[in-house]
Amino acid sequence: MTEYERSRTMPAQPEHVFDQAANIGQLDTWLPAALHVEAEELPAVTVHEDRTDEDTSALLRAQRDQMRLEWGTRDQGSYTGWLQVAGIGGGASEVTVHLSFFDDSHDPGETMVRDALDTSLQRLEEQVRLRVDHAAG
């Protein structure tokens, strides 16, 4: 099993960050560009990966009371992940994303995963800023 974890501080209340992260209709705005999620009957989703051109059955659960998203493959159990939002005071939040690969064939490698996680967190922060700025203006 291989695990990866990255965190980023965002200048917004944790509720705003979580609401943006958990918005199923806007996951493509912050997930890695090569991943696309299509909701079925939640928590069931289909994840399309451009790199392999494959669709994978997965689960996605949002636990607002815990400010946590959890996901993973449904049938083959090859990976799982979670996103946790925590308030750190002063109107800021820390967002942590964790991935676990149980099947090495699904692990694209440390460099690619860390870059994808960092880029995803940056894109999520951009979406949060747009939402907060739009609500304030």
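When a residue number appears, it is its place in the shown sequence, counting from 1.
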Give the table of side-chain donor-acceptor pairs shorter than 3.5 Å for residues 35-47, with sequence neighbours excluded, one pair per line with atom names and distance.
from, atom 1, to, atom 2, distance (Å)
H36, NE2, A33, O, 3.4
H36, NE2, D50, OD1, 3.3
H36, NE2, D50, OD2, 3.0
E40, OE1, R74, NH2, 3.4
E40, OE2, T46, OG1, 2.1

Salt bridge (charged side-chain N to carboxylate O under 4.0 Å, His left out): pairs with one or both residues in residues 6-16, sequence neighbours excluded: R6-D118, R8-E125
Those residues at least two apart in sequence (or on a different chain) that pass ring pair (Phe, Tyr, Trp, His ring centres under 6.0 Å) with W82 are H98
Would you say S120's side chain and W30's backbone share a donor-acceptor pair under 3.5 angstrom? yes
Is it true that atom CZ of R61 has more than 12 heavy atoms of other residues, nucleotides or ligands lying nearer than 6.0 Å? no
Measure across M1 and S100 and return the closest heavy-atom pair with its distance rounded to 0.1 Å. SD-CB, 4.3 Å
Members sharing I88's hydrophobic cluster (side chains within less than 4.5 Å): none
What is the minimum heavy-atom distance between P11 and R129, and which atoms define it? CG-NH2, 3.5 Å
Among all residues two or more places apart in sequence or in another chain, which pass the side-chain contact (heavy atoms from CB on, under 4.5 Å) test with Q127? Q20, T29, L130
Residue list, salt bridge (charged side-chain N to carboxylate O under 4.0 Å, His left out) with R64, at least two apart or on another chain: D19
Do the side chains of L31 and V128 join up, straight or via other hydrophobic residues, at under 4.5 Å, putting them in one cluster? yes
For residues V85 and I24: do they belong to one hydrophobic cluster (side chain heavy atoms under 4.5 Å, members Ile, Leu, Val, Met, Phe, Trp, Tyr)? yes
Side chain to side chain contact (heavy atoms under 4.5 Å, CB included), that's the test. Do W71 and L99 meet it? Break it down for me. CA-CA 9 Å; W71 60 87; L99 294 177; 3.7 Å; yes
Rounded to the nearest 0.5 Å, what's the gap from CZ on F101 to OG1 on T73? Could you check? 10.0 Å
